[in-house]
Every structure is written in structure tokens, then in C-alpha cells.
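Keep in mind that this is a model prediction, so the values were computed, not measured.
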Amino acid sequence: MRFRFRHHVIDTDLPPGYYAQTALADLDNDGRPEYIVGRQYGEIYWYKMHTPDRWTRHLLGIESPSDVGGVALDVDGDGYTDFVAGGAWYRNSRHADTPFTRIPFDPGLTAVHDVVAADIDGDGRPEVLTMSDQNNLRWYKIPADPSAPWVRHDVGPAVHAGLAVGDLDGDGDLDIVRTNVWFENVRGDGTVWQVGPLGPSTPPPSDFQPYFAFDATIAVVCDVNGDGRADIVMVDAEIPGGQLWWMENLDGQGRAWRRHDVYTWDPAREPRRGAYHSLYAGDLDGDGDVDILSCEMEAVPGDAPPRYYIWENVDGVGGRWQEHVILDVNLGGHAAVVGDVTGNGLPDVIAKPWKPRPDNALGGRMHVVFLENIS
């Protein structure tokens, strides 16, 4: 398979700062997704695509309490997608030129790295899970009146990053991944959790050991080898020279795991790469199996210009992978999102830096990049 993407720079005029809080969601109910991105503790924006080369930027909200995490869902059940960042949610205004209404649900919840929406208690409605190394791993029940405070349920201690959700033990309810362990949803209602091991992430290299580099991954729960069991794809998110791997769920109950490396840096073969603070695991070439996408950061750089990659699942069962470079223009990515934005049935990619490198291809400017899939 040859992956072909046309590169578009859709914005180079964002205010200075650190950017994350990304999502793809249909905010205006026109049947096509919009791109959401937020500035750390600042403004949140959304982008409407008119053509692949022409997008309009709109202000979604202000005073985001979140660091990196954000998630789009219909919080109030009115049929319009809202947005959650940190301890606040933003009610959809239904008008492009009117910012969403900011409604705190936990005023003390700030500096959040991971935010996920999932039905943890099995009632058919999504809850919101959050985690960072400055807050524990927890989930919030959205009340009938979502403008009231949300009920918090603690799961366990946190690490910097690596929150994912899926049915790891095959019992029909949702469990939680947290980088090096997983939490079994014992009763299926999110009230009792039992911890099981997964194995360590990659230790930070000796020349890069800030606090956030330890136990920081991005994880996706999916069936990599097609055996009907929930596996986990992981990537080191905050260190240069990191690895990409998947954990095979051998017994389908999360009690026995086998690690399979997809990419491991070999210093004799190539320069050290930047951190992989993006991860998508899904079918990228239309053959029905799970491929993997990531890209190198500009803020945690490697020894060469950053690139975007797809690892093709060649044998369909996660045993043999082929790496494809899909963008190599000295622009890095962070918290990339994947979805069919153009409506041609192919998954596109949108990303931006956490913060730009002064020597990037746009003269150090902050930017948003759209990779249009033309395969």
C-alpha cells in the first residue's frame, strides 16, 4: 500500500502559547467534522473546512482549565456536540460566531493531561474520565442538570499520561488502561476497581529526565490481531528515542500479556527521533486491519527534522509492520487527530505542535497542518 497525503498549512496566526485539547467533531450538525484545538489555560478554537486549502477559525471558548486534555460529546443531550476541557464544559452555542458557554463542573480540576468520554457505569450514557500527574485518575457522572456540579469517582493514582478505555477482560463492561497497569471494572458500574499489571514504559534517556517524561504514554485499546480480544497499542509520548509497541491480550481476560515491538530506535541505523505525542490505531489503508499513525514533536525534538509516520499492519495480525513516512517537511505534530474530513471515505490527519521549534519550516510560527488523504 502506498499512502499519499497532500499537505496543507491551514493556520499560522495562532496566539503564542502551548496548544493541545484537540478533537474532531461535528459541531454545526452539517454531517462533517470540525477541528478543535485549545491553548493551555487560554482560548479554545474550532476550524471549519470549506476546501482543503480554505478553513475558517472560530472562537469556541475562553479560560480553558486544561493542560492537554479535551473531549467532544453531547453533554446536555440537546443533539449538539459540546466540549469538555479540564473541570469545565462548553455548551454548544449553535452559532459559528458565538462562543460556547463555559460551565465549570469541578472548579478545582486543572492541569489535566488526559480526558476521555466513555460509559463507565453501564447506563448507556457517557461519563468523563480525567488524569494527569497533578490529579488522580477519576471519572465524573454527568447529572440530569449538567450545569450542577458533577459527581466525582476516584479510580486510583495517576501517572503523567496514558489513559485509555476498553473491555479488557471480555465481560461486557469498560475497564481502564493507565500506561503500566490496568483497572478492572469489577462490578461494571465504576464503583470497585482491581489493579492488574501491564509492564513498564520506556525509561527516559539520561539526557532528558524532566518530571513529565516518566511513565508517559499514549494508549489505544483495539483488536490488533483480529482474534476478538482487546489489545493495547502504546507509544512513548514525552521522550526522544521512544518506542512503539502493542500488548497482546493472550487470554482475553487481561491476566496474561505479550509485548510486540513495532518500532524501536536503533542508534546505529538512524538519528534519534523526537517524542511521539500522537497515536491513532485503526484501518488507514482500507484492508480491515489495524494500522498505526504517529508523528514526532517539535517541543521534544530528535536529532533530525520531525516527520509523520504510518506503520502498516502488513500481515494483518500485528506480526509484521512496514513504516511509511507521510510527511517530511520539517514540521512536527502533537495530539494529532484522524478522521474523514473531506468526505471521500479516506482518513485525513490534522495536527499542530505543542509549541513550535524556532527552526521549523514556517520560521518558528505556530501552525495547524492538514494532511488530506488522496490515496
Side-chain angles (χ1 to χ4, degrees), residues 20-21 23 25 27 36 38 41 44 60-93 100-169 171-179 181-196 219 221:
Q21 304 171 51
L27 297 178
I36 303 169
Y41 313 134
I44 304 170
L60 186 149
I62 60 173
E63 298 178 355
S64 170
S66 202
D67 183 5
V68 175
V71 67
L73 72 156
D74 183 0
V75 171
D76 54 5
D78 67 350
Y80 281 80
T81 298
D82 311 299
F83 192 67
V84 174
W89 69 282
Y90 294 78
R91 177 180 282 145
N92 194 321
S93 67
F100 292 16
T101 303
R102 183 185 190 274
I103 305 172
F105 63 85
D106 183 347
L109 179 61
T110 61
V112 174
H113 193 282
D114 294 351
V115 181
V116 173
D119 182 9
I120 291 298
D121 62 4
D123 68 349
R125 295 175 294 177
E127 285 75 50
V128 172
L129 299 89
T130 71
M131 187 183 77
S132 79
D133 50 29
Q134 300 181 52
N135 302 280
N136 67 347
L137 173 57
R138 60 181 74 169
W139 65 275
Y140 289 87
K141 179 73 176 176
I142 302 173
D145 176 6
S147 63
W150 296 6
V151 178
R152 166 182 158 183
H153 301 265
D154 296 332
V155 177
V159 294
H160 179 71
L163 170 62
V165 173
D167 184 5
L168 298 180
D169 54 7
D171 65 353
D173 56 45
L174 294 179
D175 309 299
I176 300 174
V177 174
R178 193 216 66 186
T179 293
V181 301
W182 70 283
F183 294 84
E184 179 187 356
N185 192 349
V186 176
R187 295 177 179 169
D189 61 0
T191 60
V192 178
W193 300 91
Q194 180 174 318
V195 182
V221 177

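- The closest side-chain heavy-atom distance from Asp169 to Asp175 is below 4.5 Å.
- Residue Asp167 comes nearest to Gly172 through the heavy atom pair OD2-N, 2.8 Å, listed as atom of the first residue, atom of the second, then distance.
- Remark: the backbone N or O of Glu63 is paired with a side-chain donor or acceptor of Arg102 at under 3.5 angstrom.
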**Request:** Take Val165 and Val177, measure what side-chain contact (heavy atoms from CB on, under 4.5 Å) needs, and give me the verdict at the end.
**Result:** CA-CA 6 Å; Val165 173; Val177 174; over 6 Å; no
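- Two residues are said to be in side-chain contact when any heavy atoms from C-beta on lie closer than 4.5 Å; Val75 and Tyr90 fail this criterion.
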**Request:** Go through Asp133 and Val159 one step at a time and tell me if the side-chain contact (heavy atoms from CB on, under 4.5 Å) criterion holds.
**Result:** CA-CA 5 Å; Asp133 50 29; Val159 294; over 6 Å; no
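- At least one side-chain heavy atom of Gln194 sits less than 4.5 Å from a side-chain heavy atom of Val186.
- Formation of a donor-acceptor pair under 3.5 Å by the Asp82 side chain with backbone atoms of Asp74 is not found in this model.
- At least one side-chain heavy atom of Leu60 sits under 4.5 Å from a side-chain heavy atom of Phe83.
- By the 4.5 Å heavy-atom criterion applied to side chains, Leu129 and Val115 are not counted as neighbours.
- Contact between Leu163 and Met131 at its shortest, heavy atoms only, is N-CE, 3.9 Å.
- A 4.5 Å side-chain heavy-atom check between Ile176 and Val155 finds at least one atom pair inside the cut-off.
- No donor-acceptor distance shorter than 3.5 angstrom exists from the side chain of Thr81 to the backbone of Ala72, with no hydrogens or angles considered.
- For the pair Asn185 (side chain) and Trp193 (backbone), a donor-acceptor distance under 3.5 Å is absent.
- The two residues Pro65 and Gly87 come nearest to each other via the heavy atoms CG-N, 3.6 Å.
- Between the Asp119 side chain and the Gly124 main chain, a donor and an acceptor come within less than 3.5 Å of each other.
- In this structure, a donor-acceptor pair under 3.5 Å is present between the side chains of Asn136 and Asp154.
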**Item:** Residues Val68, Gln21; criterion side-chain contact (heavy atoms from CB on, under 4.5 Å); working and verdict
**Value:** CA-CA 5 Å; Val68 175; Gln21 304 171 51; 6.0 Å; no
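- Under a 3.5 Å cut-off, the side chain of Asp106 and the backbone N or O of Trp150 do not form any donor-acceptor pair.
- For residues 123-145, the ring pair (Phe, Tyr, Trp, His ring centres under 6.0 Å) pairs, not counting sequence neighbours, are Phe105-Tyr140, Trp139-His153.
- The heavy-atom pair separating Pro157 from Arg178 by the smallest distance is O-NH1, 2.9 Å.
- Applying the salt bridge (Lys or Arg N to Asp or Glu O under 4.0 Å) criterion to Arg125, with sequence neighbours excluded, gives Asp123.
- Within the 3.5 Å criterion, the main-chain N or O of Ala161 finds a donor-acceptor partner in the side chain of Thr179.
- Side-chain contact between Val116 and Val71 is absent, with no heavy-atom pair separated by less than 4.5 Å.
- Remark: side-chain polar atoms of Asp67 are not paired, donor with acceptor, to backbone N or O of His113 under 3.5 angstrom.
- Judged by distance alone, with hydrogens and angles left aside, the side-chain atoms of Asp76 form no donor-acceptor pair with the main-chain N or O of Arg91 at under 3.5 Å.
- What you find for Glu127 and Ile120 is that their closest heavy atoms are OE1-N, 2.7 Å.
- For Leu73 against Ala117, the heavy-atom pair with the smallest separation is CD1-CB, 4.1 Å.
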